[in-house]
Amino acid sequence: MSACVPARADSARTKHVHPPHSPPPHGPRRFRVAGADVSAAIAVFLIALPLSLGIALATGAPLQAGLVAAAVGGIVAGRIGGCPLQVSGPAAGLTVVTADLIQHYGWRTTCAITVFAGIAQLGLGCLRVARSALAVSPAIVHGMLAGIGVTIAVAQLHIVLGGTPQSSVPDNLVALPAQLANLHPADLAVSVLTLTLLLLWPRIPGRAGQALGKLPAALIAVAGATAVAALTGLRLPKVDLPSWSSHALASLPDGPVLGLVAAVLTTTLVCSVQSLLGAVAVDKLVAARPSLTGRVKRSDLDRELLGQGAANIVSGSLGGLPIAGVAVRSSANVAAGAVSRNSTMLHGVLVVIAALLMVPALELIPLASLAALVMAVGLKMVSLNHIRTVTRHREVLVYAVTTCGVVFLGVLEGVALGIAVAVGVALHRLTRTRITHDETEGVHHVHVRGQLTFLAVPRLSRVLHQVPHGADAVVELDGSFMDHAAYETLQDWQKTHTAQGGSVDITGRRPGTRISEPAEEDGCRCRPWTPWRNHQCERPPTAPPRGTAGRSATDGSPAGNLGTATGPNTPGTRDATGATGGSGAPDGPTGHELARGISAFHRNIGPLMRRELARLAREGQQPSQLFLTCADSRVVTSMITSSGPGDLFVVRNVGNFVPLPGEESGDDSVAAAIEYAVDVLKVRSITVCGHSGCGAMQALLAAEPGGAHTPLQRWLRHGLPSLERALPDVDVDVDLNEQEQKRGAGRARPRLAGRGAADTAERLCLANVVQQLEHLRAHDSVARALGAGDLELHGMYFHVGEAQSYLLSEDAEGSVFELVRETNLTA
């Protein structure tokens with residue numbers, strides 16, 4: 001038992017540790033709200049107030065219902081929900097659904113539907129199925145939001161022009177010409193002013209723009225239009241907030257049972273999906289703020305469903321709109337510096353205060369201004385970035401069908417259509433297989449792109465039989481799945497073709513595809529990435545005989561049997577080196593592994609990279625950056641930077657040192673590489689990368705004072721300034737020049753964000769990266785490029801054991817290495 005925790009038997013003796021008549025050392029815990037939460041709550045409140053009124057106007061609900069939903073969403077969902085910084089309230093994504101419910105069932109029944117939708121969300125949260133909702137294709141979600149945005153924009157356009165919207169998009173489009181012929185100049189002028197302020201306010205240049213930009217554009221747009229309308233005496237419809245005593249509450253639902261059930265399911269689906277996707281987005285925003293690391297927990301999606309359900313029950317009972325997580329307010333909350341759920345709850349309290357005390361001011365707002373604001377929100381829901389993303393992922397058909405379905409049929413029908421099309425597209429991709437055949441230098445290549453299923457067997461068999469008897473053949477499989485029918489067809493043809501004197505080489509990038517040859521005596525079954533692991537794979541007890549198919553792959557899949565099969569003493573028989581007609585393999589095991597790796601490259605990676613490498617051979621190298629790192633074999637530059645041939649100009653040495661120019665013990669090879677990269681190749685950035693467990697840093701720490709006698713000891717002298725930076729109290733026993741001595745005085749040690757250095761060696765690794773960046777700046781070519789703004793310097797630390805990279809940045813406390821978080825891969 002820990003000495004810090006008293007045993008239960010001793011509790012009586014340790015109960016009173018202070019004098020008997022003195023107060024306890026700590027008083028009762030007080031509830032405190034951080035200043036950052038207060039400022040964030042005010043910023044979110046200023047955004048939520050006009051948007052809540054505008055969304056209520058767009059749905060046809062009482063305007064007070066928007067304020068009720070905003071307050072309940074902030075207080076209830078903010079307190080119970082699983083995403084601390086997500087702000088909930090009336091969302092634009094629910095506008096079409098709510099408007100349709102009000103039109104069919106009336107407002108009081110719509111409130112009851114909201115209550116039942118909240119109960120359904122509570123049930124889903126208890127069943128812990130929140131993660132399942134994220135299985136919906138993003139193309140469907142984005143298409144749904146785009147369709148809702150189009151519906152909102154078309155409907156609000158009529159109010160902007162001074163008219164009344166119709167019940168559906170087709171009806172609004174049909175009535176638009178008549179509305180244009182009967183314009184109301186006052187409404188149009190206020191709407192144009194609102195849109196102008198909304199567009200230009202964030203774009204005010206200079207310091208004034210930075211100061212004024214802290215005020216939300218939505219508030220400024222509505223307040224400006226309201227002030228102009230009041231000062232000019234324009235007569236136009238304005239906000240009408242009835243007395244709270246006459247506020248309509250929920251009643252028992254009245255209507256067909258199936259219709260009500262469908263309405264509840266639709267509301268539940270839209271509210272839940274939007275809230276869960278919003279929570280995931282907020283997690284990414286929080287991860288981008290290092291100051292919140294460890295302070296704000298990752299979202300609990302099941303708890304978030306419970307919070308949203310409770311909020312919808314309360315909102316519907318009090319006569320409020322349906323509630324969901326709102327992206328605009330949530331992103332504003334994070335950007336404003338919120339650090340806890342207190343900001344969300346406080347914003348709800350501010351909405352309550354405004355609804356009770358600011359009614360006269362709210363009733364000055366023109367309806368046309370709110371309509372213009374909501375129309376702008378609807379247009380933003382049709383995101384060009386989302387369209388580019390779904391186009392890049394070949395899901396534009398799913399997006400377009402969902403959008404059109406929501407616009408012309410309704411939300412539930414549009415989502416159902418989108419799901420059906422998404423399933424159809426997935427089945428089409430599964431069954432779509434391209435099989436081609438060509439001949440190059442007497443070798444017949446059969447290239448299979450896509451998944452090999454029984455549906456592709458007739459085409460596969462037809463193409464395979466176009467290969468002449470006795471010819472050399474290469475079958476390239478470019479897919480990730482092969483069913484049993486396709487496997488047997490390929491294996492039967494392989495055996496028949498080999499028996500007739502031909503050779504077959506089957507290659508591919510599929511997991512489990514065997515890339516080594518059965519002819520090899522060791523029968524290695526490595527996968528394409530295992531050369532990075534020095535081929536430390538499990539080997540079978542005995543090698544398969546020549547001329548037969550190999551054993552199953554380590555994963556047990558049938559595809560693993562497809563190795564290279566050649567007949568004995570036939571043309572095209574290859575040995576482990578990839579040469580024809582002879583052994584040619586080096587005697588030692590190291591040479592054998594080298595030859596085997598080269599053979600695997602020729603067979604698998606070479607055909608895929610040949611076209612790109614040929615282009616690089618014609619055009620020459622044009623790398624974007626110089627990457628200077630350690631010679632350690634565990635640091636694979638192309639792997640940790642996801643780069644390919646021609647991307648990096650790499651310089652490696654023991655300890656990733658950059659010797660200062662002009663020193664007696666300098667090294668011209670590193671300086672020459674830097675000069676060539678900067679002046680000739682015109683690289684745009686230089687990265688100095690250190691790593692954990694660096695042998696050079698350990699040798700530097702263990703070096704004994706005295707002269708350097710071996711080449712390694714003389715080279716390690718370039719790391720002594722780093723040792724002085726990391727351990728200023730240690731006598732490094734070296735005469736540093738005056739410039740280095742001045743730099744070493746008073747410098748803060750580089751550190752890792754979120755945790756301390758594991759040991760002295762790691763602290764020295766971090767300091768070495770910072771020190772070598774300083775050495776880089778001393779080179780003339782680098783200094784010129786930095787002065788011209790043509791070059792950037794970056795520091796990087798790679799933790800080998802964790803497979804994580806840290807990038808160097810500067811803050812008020814000095815140099816800090818921050819963990820590289822997940823980025824938006826779709827952007």
Side-chain angles (χ1 to χ4, degrees), residues 39-58 63-64 66-67 70 87 89-90 92 95 149 152-153 155-163 183-241 326 328-329 331-333 335-336 347 350-351 353-355 357-381:
S39 60
I42 295 174
V44 176
F45 160 72
L46 296 177
I47 296 174
L49 189 63
L51 282 178
S52 300
L53 293 172
I55 292 172
L57 173 67
L63 297 184
Q64 289 170 323
L67 299 177
V87 181
T95 303
I152 293 173
Q156 297 308 298
L157 181 59
H158 284 269
I159 301 179
V160 167
L161 298 176
L183 289 175
H184 290 71
D187 295 88
L188 182 60
V190 170
S191 299
V192 171
L193 177 60
T194 303
L195 293 175
T196 302
L197 290 174
L198 197 63
L199 180 65
L200 298 182
W201 186 258
R203 293 173 173 79
I204 299 177
R207 294 183 178 178
Q210 294 179 356
L212 297 176
K214 296 180 180 179
L215 295 175
L219 176 68
I220 296 300
V222 173
T226 302
V228 171
L231 293 175
T232 56
L234 294 177
R235 287 193 170 185
L236 66 171
K238 297 180 181 179
V239 169
D240 182 17
L241 293 176
V326 188
V328 176
R329 284 166 244 181
S331 58
N333 191 36
H347 123 270
L350 293 177
V351 171
I353 296 174
L357 303 180
M358 296 178 58
V359 172
L362 297 178
E363 290 183 337
L364 296 176
I365 300 175
L367 295 182
S369 179
L370 292 179
L373 175 64
V374 176
M375 185 178 71
V377 173
L379 291 176
K380 286 183 179 180
M381 294 173 70

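For clarity, every value in this text was computed on a predicted model and none was experimentally measured. Just so it is clear, the values below take in all heavy atoms, side chains as well, and ignore hydrogens, waters and symmetry mates.
- Residues that satisfy the side chain to side chain contact (heavy atoms under 4.5 Å, CB included) test with S39, not counting sequence neighbours, are absent from this structure.
- Taking both residues in full, the closest heavy atoms of V87 and V44 are given as CG1-CG1, 3.9 Å, listed atom of the first, atom of the second, then distance.
- Rounding to the nearest 0.5 angstrom, the gap separating the CD1 atom in I55 from the CD1 atom in I152 is 7.5 Å.
- Nearest heavy atom pair, residue P50 against residue V222, reads CB-CG2, 4.0 Å.
- Shown here are the side chain to side chain donor-acceptor pair (under 3.5 Å) partners of N333, two or more places apart in sequence or in another chain: S343.
- Under the side chain to side chain contact (heavy atoms under 4.5 Å, CB included) criterion, L199 pairs with R203, sequence neighbours left out.
- Across every non-hydrogen atom of G66 and S52, the tightest pair is O-CB, 3.5 Å.
- Residues satisfying the side chain to side chain contact (heavy atoms under 4.5 Å, CB included) criterion with L200, sequence neighbours excluded, are T196.
- Counting all heavy atoms, side chain and backbone alike, W201 lies closest to L212 at NE1-O, 3.1 Å.
- Tested against I365 for a side chain to side chain contact (heavy atoms under 4.5 Å, CB included), the candidates L63, L57, L370 yield a single pass: L370.
- The shortest side-chain heavy-atom distance between I47 and L219 does not fall under the 4.5 Å cut-off.
- For the residue pair A368 and V160, the shortest heavy atom distance occurs at O-CG2, 4.5 Å.
- We find the CE-CG distance between M358 and L364 to be 10.5 Å, quoted to the nearest 0.5 Å.
- Atoms CG and CG, on L49 and L362 in that order, are 5.5 Å from each other to the nearest 0.5 Å.
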Could you pull out all donor-acceptor pairs under 3.5 Å where a side-chain atom in residues 371-380 meets a protein atom, sequence neighbours excluded?
none

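- D187 contributes atom CG, which lies 5.0 Å from atom CG of L236 (distance to the nearest 0.5 angstrom).
- Judged as a side chain to side chain donor-acceptor pair (under 3.5 Å), and not counting sequence neighbours, the contacts of S369 are T194.
- Taking CG from L46 and NE2 from H347, the interatomic distance works out to 10.5 Å, rounded to the nearest 0.5 Å.
- L161 is linked by a side chain to side chain contact (heavy atoms under 4.5 Å, CB included) to L157, L176, Q179, L180, L183, L188, counting only residues two or more places apart in sequence or in another chain.
- With values rounded to the nearest 0.5 angstrom, S191 atom OG is found 10.0 Å from Q156 atom CD.
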(message) Go through it in stages, so that I can follow the logic: the residues are V190 and V228, the test is side chain to side chain contact (heavy atoms under 4.5 Å, CB included), and I'd like the CA-CA distance, side-chain angles, deciding distance and then a yes or no.
(response) CA-CA 8 Å; V190 170; V228 171; over 6 Å; no

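- Each side chain to side chain donor-acceptor pair (under 3.5 Å) pair with one or both residues in residues 223-238, not counting sequence neighbours, would appear here, but there are none.
- Between A70 and P90, the shortest heavy-atom contact is N-CD, 3.5 Å.
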